[in-house]
A.B. asks: 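This is the structure I want to talk about, given as structure tokens.
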Amino acid sequence: MKMYKANSKEAADLLIDKLSTKDGVPFVMGFDYWINSQLSVARYYGGMTYNNVHYQIDWDTGDLVRSDCYDLYVKFYKNDRPKLEEKNA
């Protein structure tokens, strides 16, 4: 699996837009979105494949994130996402 790298948030935004357009799937899916859909099986396996793109769960936020872009998510986006405990409060 190819891991994507970017040195700035702007470069990460461009890369993510390009990948999302190419593959037709989002970079990250929020907990409330995927948990109430057919994607909810991911909670039992820690991830899943959707349209030939592998996703993994970030257990702190509950987000379903593209595995090949997980490093970008942690570096540039995770701090802006609400924690899972805050969502359920």
A.B. asks: Would you say Thr49's side chain and Asn52's backbone share a donor-acceptor pair under 3.5 angstrom?
C.D. replies: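 Checking the backbone N and O of Asn52 against the side chain of Thr49, no donor-acceptor pair under 3.5 Å is found.
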
A.B. asks: Rounded to the nearest 0.5 Å, what separation is found between the CZ atom of Phe31 and the CH2 atom of Trp59?
C.D. replies: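 The CH2 atom of Trp59 is 9.0 Å from CZ of Phe31, to the nearest 0.5 Å.
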
A.B. asks: Which atom names give the shortest non-hydrogen contact between Asp71 and Lys5, and what distance separates them?
C.D. replies: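 So the two residues come closest at OD2-NZ, 3.3 Å.
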
A.B. asks: What pair of heavy atoms forms the shortest contact from Trp34 to Arg43, and how long is it?
C.D. replies: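 For Trp34 versus Arg43, the nearest heavy atoms are CZ3-N, 3.9 Å.
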
A.B. asks: Measure from the side-chain N and O atoms of Ser20 to the backbone N and O of Ile16, and report whether any donor-acceptor pair falls under 3.5 Å.
C.D. replies: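 Flag set: sc Ser20 to bb Ile16 pair under 3.5 Å.
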
A.B. asks: We want to know whether Tyr73 and Asp63 form a side-chain donor-acceptor pair, criterion being a heavy-atom distance below 3.5 angstrom.
C.D. replies: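 Distance-only check passes for Tyr73 and Asp63.
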
A.B. asks: Would you name the heavy atoms of Leu19 and Cys69 that are closest together and state the gap between them?
C.D. replies: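 The answer is CD1-SG, 3.5 Å.
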
A.B. asks: Can you give me the closest heavy-atom contact between Arg81 and Gly30, atom names plus distance?
C.D. replies: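 Residues Arg81 and Gly30, closest heavy atoms: NH2-CA, 3.7 Å.
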
A.B. asks: How far apart are the C-alpha atoms of Tyr50 and Leu64, what are their side-chain angles, what is the distance that settles it, and do they pass the side chain to side chain contact (heavy atoms under 4.5 Å, CB included) test?
C.D. replies: CA-CA 11 Å; Tyr50 176 66; Leu64 201 56; over 6 Å; no

A.B. asks: Decide yes or no on side chain to side chain contact (heavy atoms under 4.5 Å, CB included) for Thr61 and Lys78, but give the supporting numbers first.
C.D. replies: CA-CA 8 Å; Thr61 62; Lys78 185 174 179 175; 4.3 Å; yes

A.B. asks: If hydrophobic clusters are built by linking Ile, Leu, Val, Met, Phe, Trp and Tyr wherever their side-chain heavy atoms come under 4.5 Å apart, do Tyr33 and Ile57 end up in the same one?
C.D. replies: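 Yes, same cluster.
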
A.B. asks: Are any of the side-chain heavy atoms of Phe27 and Asp17 separated by less than 4.5 Å?
C.D. replies: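 No; the side chains remain at least 4.5 Å from each other.
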
A.B. asks: For Tyr55 and Val53, what are the C-alpha separation, side-chain angles and deciding distance, and is it a side chain to side chain contact (heavy atoms under 4.5 Å, CB included)?
C.D. replies: CA-CA 7 Å; Tyr55 284 84; Val53 176; 3.9 Å; yes

A.B. asks: Decide, yes or no, whether a salt bridge links Arg66 with Asp23 under the criterion of side-chain N to carboxylate O below 4.0 Å.
C.D. replies: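 The answer is yes: the pair qualifies as a salt bridge.
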
A.B. asks: Tell me whether Val74 shares a hydrophobic cluster with Val28, the cluster being built from Ile, Leu, Val, Met, Phe, Trp, Tyr side chains joined at under 4.5 Å.
C.D. replies: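 They do share one cluster, since a chain of ILVMFWY contacts under 4.5 Å joins Val74 to Val28.
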
A.B. asks: Can you see which heavy atom on Asn7 is nearest to which on Phe76, and at what distance?
C.D. replies: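 Shortest heavy-atom separation between Asn7 and Phe76 comes out as C-CZ, 3.9 Å.
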
A.B. asks: Mind checking the OG-CG spacing from Ser8 to Leu14? Nearest 0.5 Å is all I need.
C.D. replies: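 It is 8.0 Å, given to the nearest 0.5 Å.
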
A.B. asks: Write down the atom of Ala12, the atom of Leu72, and the distance for their closest heavy-atom approach.
C.D. replies: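 The answer is CB-CD2, 4.3 Å.
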
